[in-house]
Amino acid sequence: MQKHINMTLLTLLLITLPAGAPAYTEVGGVHFASTVDAKDGRLHLQGAGILRYMAFIKAYAGALYLPDAVLAHQALEPVAKHLEIEYYHPIKGEDFASATRIKILDNIPADQVADLRARIELLSKMYRDVQPGDRYALTYFPGQGTLLSLNGQPLGSIPGDDFARALFAMWLGDNPIDRGFRDRLLGTS
């Protein structure tokens, strides 16, 4: 009887999973789905990695999702994207706000600061404290804005393609938080 139940479960599993495609990717003990559903369709895992602090302390694991036809070098263009980050350590909301301000300003020309300042502050007010295992997600919908979620619960949305580009540049731009992490998210390393 047990053997029959095991075979039935195995058969159901094989039917529900696409052949050869794992349902998730594991990075540093954190699982990320192979795809996520967005308003305008399905986004596919582009890459995943761990951001380390001082070279050996795991800060967080992250994964980037893009539409199937979008290449890594197009990630900052106005295309749908989804970034998930799961934390290994507690972090205060005000620390997220401070880091966001600094890294956005590192990635935009000085003449864009005034246009983005109010939206950066709006995002900064949305941040909450996190504990190990909590997961922030940023999902950008072209022409609509960027949604911030914590553990699957929406915290708010910020309008503007220009804001999305500046925000995602923190991880994916020319002056990212960490170049190795950026390259792993983009699937280029």
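The structure presented is a predicted model; accordingly, all values stated were derived computationally and were not measured.
The line from CG of L186 to CG of L71 is 11.0 Å long, rounded to the nearest 0.5 Å. If you take CG on L43 and OH on Y140, they are separated by 12.5 Å, rounding to the nearest 0.5 Å. Here the CZ atom belonging to R52 is positioned 10.5 Å from the CG atom belonging to D178, to the nearest 0.5 angstrom. A distance of 8.5 Å separates CZ of R165 from CD of Q112, quoted to the nearest 0.5 Å. We find the OG1-OH distance between T35 and Y24 to be 14.5 Å, quoted to the nearest 0.5 Å. Taking CG of L167 as the reference point, atom OG1 of T146 lies at 6.0 Å (rounded to 0.5 Å).
For the pair Y127 and D95, the minimum side-chain heavy-atom distance is 4.5 Å or more.
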Under 3.5 Å, side-chain donor or acceptor atoms of residues 78-86 against the rest of the protein: list the pairs with distances, not counting sequence neighbours.
residue : atom : partner : partner atom : Å
K81     : NZ   : A75     : O            : 2.7
K81     : NZ   : E77     : O            : 2.8
K81     : NZ   : V79     : O            : 3.0
H82     : ND1  : T139    : OG1          : 2.6
H82     : NE2  : E84     : OE2          : 2.9
E84     : OE1  : R135    : NH1          : 2.6
E86     : OE1  : R135    : NE           : 3.1
E86     : OE1  : R135    : NH2          : 2.6

Which donor-acceptor pairs under 3.5 Å do the side chains of residues 58-65 make with protein atoms, sequence neighbours left out?
residue : atom : partner : partner atom : Å
Y60     : OH   : W171    : NE1          : 3.2
Y65     : OH   : A33     : N            : 3.3
Y65     : OH   : A33     : O            : 2.6

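Looking only at distances, a side-chain donor or acceptor of R184 sits under 3.5 Å from a matching main-chain atom of G180. At least one donor-acceptor pair under 3.5 Å links the side chain of D161 to the backbone N or O of G143. In this structure, the side chain of D183 does not engage the main chain of T188 through any donor-acceptor pair within 3.5 Å. Formation of a donor-acceptor pair under 3.5 Å by the R101 side chain with backbone atoms of I120 is not found in this model. With R128 contributing its side chain and M126 its backbone, the two residues share a donor-acceptor pair below 3.5 Å.
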Salt bridge (Lys or Arg N to Asp or Glu O under 4.0 Å) for D162 and R119? Distances and angles first, verdict last. CA-CA 10 Å; D162 58 340; R119 289 178 282 169; 2.8 Å; yes
Step by step, would you call K103 with D106 a salt bridge (Lys or Arg N to Asp or Glu O under 4.0 Å)? CA-CA 5 Å; K103 286 314 293 179; D106 282 352; 3.2 Å; yes
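Following chains of ILVMFWY side-chain contacts shorter than 4.5 Å, one can reach F32 starting from Y88, so the two form part of one hydrophobic cluster. Residues V30 and Y87 do not share a hydrophobic cluster, clusters being chains of Ile/Leu/Val/Met/Phe/Trp/Tyr side chains in contact below 4.5 Å. A continuous path of Ile, Leu, Val, Met, Phe, Trp and Tyr side chains, each step under 4.5 Å between heavy atoms, connects V27 with V36, placing both in one hydrophobic cluster. L147 and I104 fall into different hydrophobic clusters, defined by Ile, Leu, Val, Met, Phe, Trp and Tyr side-chain heavy atoms under 4.5 Å apart, directly or through other members. When hydrophobic clusters are built by joining Ile, Leu, Val, Met, Phe, Trp and Tyr residues whose side-chain heavy atoms come closer than 4.5 Å, directly or via intermediates, V113 is grouped together with I158.
Applying the 6.0 Å contact sphere to CG of D37 captures more than 12 heavy atoms from other residues, nucleotides or ligands.
Across all non-hydrogen atoms, the minimal contact from V70 to Q46 is O-OE1, 4.1 Å. Scanning both residues, D134 and D129, for their nearest heavy atoms gives OD2-O, 4.3 Å.
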